[in-house]
Amino acid sequence: MKFMYKMERKFGKYAIRNLSLALIICYAAGYMLELINAGFLSYLVLNPYLILRGQVWRLFSWILIPPGSFDFFTLLMLYFYFSIGTNLERTWGAFRYNFYLFGGMLFTILGSFAIMGYGYLRYSEQIEMIGAENFFTSLGLYVNGMPVGGAWFYSFSTYFVNMSIFLAFAATFPDIQIYLMFLLPIKIKYLGVIYAVMLLWQFLKSGVEGRIVIAASLLNFIVFFLLTRNYKKVSPKEIHRKQKFRREVREGARGDNTVPFRGRTVITRHRCAVCGRTELDDENLEFRFCSKCDGNYEYCMEHLYTHEHVHHTQERQE
């Protein structure tokens, strides 16, 4: 939690807003390319062998590879992932959502290099016979009935990254109810369990290459929630309120957070509602929101558990 907090304070301003929309635009571009010239997608695949030989654009272009065939069901799924991704970004904040998605993409890239390394170890004789370039770039090459070579890397897309978004949403909002097939009401946590079981089954029945693809694409789910295991103790409502507060501070919407500092007026990110201390007074001070107070009231750790709770209904009665 402290690691993420420090990272957000340092790099939060560089976060990409509406990242889910950007992904949907990438998918749209990929489907257009597939419609115009499907063969062109071979130049976009995440192939580490070709990356090491100068085709560095493949580190990014694989994001354009569509996660499935284009049909009405795909449109519904993309809209669903866009909705849950947008909600996660609003709840976590743009930086944490960026960290989660880009982490999944980074692990996917590392997974592709792991598969190449496995290919050198497992199929050294075949590579020596036909050459590494033919082995790692050709399509339709089979060894012992298993597709190898370029066919391996065609399995890398953002499909499993999208799955990790769903698992994150189910873990963050476990009691939200959706309508399966627009008819059957079901809580999202049960769908998350079903998805997890499906992924486990797919992992077990796949070969080594498939297992690397699945594990690499979903490793961000494990790493992120290990780094932020204490973050889940706060309700999504409070997390969203905290992110809204920080956004208002950045935009200067809260005049009560302007303080004189070294001869000028600055806007602070944190301010205790009791003692008025800010992060400018002591960089080691930690601040938290109170879940029992109405509104965006933040307190230092000294007053977090000793302050009198603020309730707007009581204020109106007074």
Side-chain angles (χ1 to χ4, degrees), residues 1-15 17 19 85-101 103 168-176 189 220-261 265-316 318:
M1 178 62 181
K2 289 185 177 181
F3 170 79
M4 287 296 299
Y5 178 73
K6 292 179 180 179
M7 290 285 290
E8 185 174 11
R9 288 190 63 182
K10 192 171 183 179
F11 303 108
K13 59 183 179 181
Y14 302 111
R17 312 291 171 180
L19 188 56
T86 301
N87 277 283
L88 280 179
E89 181 175 343
R90 290 173 179 171
T91 301
W92 289 353
F95 175 78
R96 283 179 170 84
Y97 188 61
N98 278 225
F99 184 91
Y100 185 76
L101 276 189
F169 186 83
T172 306
F173 305 98
D175 294 321
I176 282 185
K189 60 183 177 183
N220 64 320
F221 176 78
I222 300 174
V223 171
F224 184 86
F225 281 97
L226 283 177
L227 289 175
T228 60
R229 56 189 180 275
N230 295 327
Y231 194 69
K232 294 185 292 182
K233 294 181 180 179
V234 184
S235 69
K237 179 180 178 181
E238 298 305 318
I239 297 173
H240 176 63
R241 185 169 65 176
K242 181 177 181 180
Q243 297 298 335
K244 180 180 178 182
F245 173 83
R246 289 181 176 176
R247 184 169 61 252
E248 290 175 345
V249 169
R250 284 197 305 268
E251 296 173 353
R254 292 181 62 88
D256 55 337
N257 269 54
T258 58
V259 297
F261 181 70
T265 301
V266 299
I267 299 176
T268 62
R269 295 177 61 88
H270 306 281
R271 185 172 185 172
C272 178
V274 176
C275 64
R277 287 188 297 176
T278 70
E279 71 273 14
L280 301 178
D281 297 307
D282 185 352
E283 62 179 11
N284 295 319
L285 279 176
E286 293 188 12
F287 299 85
R288 297 288 187 273
F289 284 87
C290 177
S291 60
K292 297 182 180 180
C293 289
D294 295 336
N296 296 320
Y297 290 94
E298 195 173 18
Y299 302 92
C300 65
M301 297 306 294
E302 180 181 346
H303 298 105
L304 179 61
Y305 301 105
T306 59
H307 68 276
E308 182 177 351
H309 298 302
V310 178
H311 298 288
H312 295 325
T313 54
Q314 293 179 358
E315 291 178 357
R316 286 194 295 266
E318 294 176 358

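What you are looking at is a predicted structure, and each value in this text was computed from that prediction instead of being measured.
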How close do [X] and [Y] get, heavy atom to heavy atom, and via which atoms?
X	Y	value
Ala168	Tyr100	CB-OH, 3.5 Å
Phe287	Cys272	CE2-N, 3.8 Å
Tyr299	Cys293	OH-SG, 3.5 Å
Asn220	Gly103	CB-C, 3.9 Å

To the nearest 0.5 Å, what is the distance between [atom1] on [X] and [atom2] on [Y]?
X	Y	atom1	atom2	answer
Glu298	Thr278	CD	OG1	10.5 Å
Tyr97	Arg90	OH	CZ	11.5 Å
Cys300	His307	SG	NE2	10.5 Å
Phe169	Trp92	CZ	CH2	10.5 Å
His303	Cys275	NE2	SG	5.0 Å
Phe173	Asn87	CZ	CG	6.0 Å

**OP:** May I ask you to test the Glu89-Arg96 pair for a side-chain heavy-atom distance under 4.5 Å?
**Re:**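 Not touching, per the 4.5 Å side-chain cut-off.
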**OP:** Tell me, with the steps shown, if Tyr297 and Phe289 meet side chain to side chain contact (heavy atoms under 4.5 Å, CB included).
**Re:** CA-CA 6 Å; Tyr297 290 94; Phe289 284 87; 5.9 Å; no
